[in-house]
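It should be emphasised that the depicted structure is a prediction, and the values quoted were computed from it without experimental measurement.
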Amino acid sequence: MNLGRISVKRIFLLVSGGMAVSMLAICAVFFAVTGQMWILAFGMLLMLCAFAWMFLLSIAFGKRLSVFTRELCRAMDQMISGSGEPVRAGDSETLFARISHRLTRLYGIMQENRRKVDAERQELQRLVSDVSHQVKTPVANLKMVTDTLLSKPVTEEEQREFLKGIRNQTDKLEFLFQALVKTSRLETGAIRLEKKDALLIDTLAMALSGIVYAAEKKRICVSVGCPDDLRLFHDSKWTAEALFNLLDNAVKYTPAGGAIRVSVEQWEMYVKIDVSDTGKGIPESNQGAVFRRFYREEEVHGEPGIGIGLYLAREIVTKQGGYIKVTSKIGKGSTFSVFLPWRYFR
């Protein structure tokens, strides 16, 4: 017999019936042996008392079970609606207390999952909003240029200028999409950074190769101070990407004839890479926001870029166990410091 499938009421009836049959059988045996009528009467009286107590027990148990199920249902309703944490039972030895403890743990897990889902939803909404904002301007410019070419006669020289404008806007869109793909793949773990023992000077060379032309065009002096034999456990390709983003920003916001200095220091646990420039500097109130995705200061909106380079650099460095900080003074330039662990920790 599977007791888990029998109702509580039926269990009480079965127990009561079994007790009555057992007591009647015992009384009948004693009566048959002794022949004393009072034994039979005493047995009947004892059976009636037992029935009375069983009846009272069934009422008390039914009420307690009703309270238990009501409290359990209320706790589960609170969990489902998220209106509050399940009420903890005072007595830790009761069945409800044990169930309440597990419900509280389950509620905590549900709330944490709910917070994660809300955070991901908000992040997705911000991303869609940011991408929409970034795409809006180049798309509007492309439409304006193509409408002009289709509706008005233009000279060959004007046509060439319009085509250059189209090329610039498509380059901006391509850069935006590539940056978003890189960022998304890093955030979702689709790309795993592989740290290997490699010369840091080679990584710096890869990063510097991307800004040489732009620096020469603005007559910016770029100097590097790094030991040739300094080896570091790092992902050379992605670290070069992060450093390139810092150097690219330095070139953009350093005036013609300025200077950029890359210096490396070996600390006890970290290697510090400083990228310093002689640009306009960053206000102290904005220094905490420059690493946000798509963040750009109002006064630099005329410069090329979409405000994702520093965010991507921080993601790359953080995934290697490092961090980035910035120090800056208005009119005296900025220094972005990258800290990477130089020892290999598993």
Check: Would a 4.5 Å heavy-atom cut-off, applied to side chains only, mark Thr335 and Val275 as touching?
Finding: no
Notebook entry, point to check: Is a side-chain donor or acceptor of Thr239 paired with a backbone partner of Ser236 at a separation under 3.5 angstrom?
Noted result: no
Margin query: Under a 3.5 Å distance rule, please check whether Lys332 uses its side chain to pair with a backbone N or O of Lys280 as donor and acceptor.
Written below: no
Item checked: Where Thr203 and His234 come nearest, the two heavy atoms and their spacing -> OG1-NE2, 2.7 Å
Checklist line | Smallest separation among heavy atoms of Ile282 and Ile330, with atom names | finding: C-CD1, 3.7 Å
Next item on the list: Run the numbers on Asp197 and Arg231 for salt bridge (charged side-chain N to carboxylate O under 4.0 Å, His left out), then give the verdict.
Entry: CA-CA 6 Å; Asp197 185 16; Arg231 305 186 72 85; 3.3 Å; yes
Next item on the list: Looking only at non-hydrogen atoms, find the nearest pair between Ser337 and Asp274 and report the distance.
Entry: OG-OD1, 2.6 Å
Note to self: Using the rule that Ile, Leu, Val, Met, Phe, Trp and Tyr join whenever any side-chain heavy atoms are under 4.5 Å apart, tell me whether Val224 and Met206 fall into a single cluster.
What the structure shows: no
Notebook entry, point to check: Is the shortest heavy-atom distance from the side chain of Ile273 to the side chain of Leu204 under 4.5 Å?
Noted result: yes
Notebook entry, point to check: Using 30° and 60° as the class limits, which term best fits the ring planes of Phe339 and Tyr323: parallel, tilted or perpendicular?
Noted result: parallel
Margin query: Just so I know, are the side chains of Lys272 and Val264 near enough to count as touching, which here means a heavy-atom distance under 4.5 Å?
Written below: no
Next item on the list: Report the C-alpha distance between Thr327 and Phe336 in whole Å, list the side-chain angles of each, state the deciding distance to 0.1 Å, and finish with yes or no for side chain to side chain contact (heavy atoms under 4.5 Å, CB included).
Entry: CA-CA 7 Å; Thr327 55; Phe336 285 86; over 6 Å; no
Check: Is there side-chain contact between Trp267 and Glu265, with at least one heavy-atom pair below 4.5 Å?
Finding: yes
Note to self: With a 3.5 Å distance limit and no angle check, can you tell me whether Lys218 reaches the backbone of Val251 through a side-chain donor-acceptor pair?
What the structure shows: yes
Next item on the list: May I ask whether Ile201 and Leu232 are part of the same hydrophobic cluster, defined by side-chain heavy atoms of I, L, V, M, F, W, Y residues being less than 4.5 angstrom apart, directly or through others?
Entry: no
Notebook entry, point to check: Could you give the distance from SG (Cys226) to CG (Leu208), rounded to the nearest 0.5 Å?
Noted result: 10.0 Å
Notebook entry, point to check: Does atom CD of Glu194 have more than 12 heavy-atom neighbours, drawn from other residues, nucleotides or ligands, at distances under 6.0 Å?
Noted result: no
Notebook entry, point to check: Do the side chains of Ile166 and Thr170 get nearer than 4.5 Å, heavy atoms only?
Noted result: yes
Next item on the list: Measure across Ser334 and Gly281 and return the closest heavy-atom pair with its distance rounded to 0.1 Å.
Entry: OG-CA, 3.6 Å
Next item on the list: Answer yes or no: is there a side-chain heavy-atom contact under 4.5 Å between Lys195 and Pro341?
Entry: yes
Checklist line | Path from Val212 to Phe244 over hydrophobic side-chain contacts below 4.5 Å | finding: no
Note to self: Would you say that more than 12 heavy atoms from the other residues, nucleotides or ligands in this model lie under 6.0 Å from the CD of Gln266, or not?
What the structure shows: yes
Margin query: Quick one, Lys252 with Asp248, criterion salt bridge (charged side-chain N to carboxylate O under 4.0 Å, His left out). Give me CA distance, side-chain angles, the key distance, then yes/no.
Written below: CA-CA 6 Å; Lys252 286 177 186 175; Asp248 187 51; 3.3 Å; yes
Note to self: Less than 4.5 Å apart, side chain to side chain, heavy atoms only: is that true for Trp238 and Glu241?
What the structure shows: yes
Notebook entry, point to check: Do Leu230 and Leu199 have side chains that get closer than 4.5 Å, going by heavy atoms?
Noted result: no
Item checked: Donor-acceptor pair, side chain of Asp277 and main chain of Gly279, under 3.5 angstrom -> yes
Notebook entry, point to check: Counting distance only, does the side-chain N/O of Thr278 pair as donor-acceptor with the main-chain N or O of Gly333 below 3.5 Å?
Noted result: no
Next item on the list: Of all the heavy-atom pairs spanning Ala259 and Thr254, show the shortest one and how long it is.
Entry: N-CG2, 4.0 Å
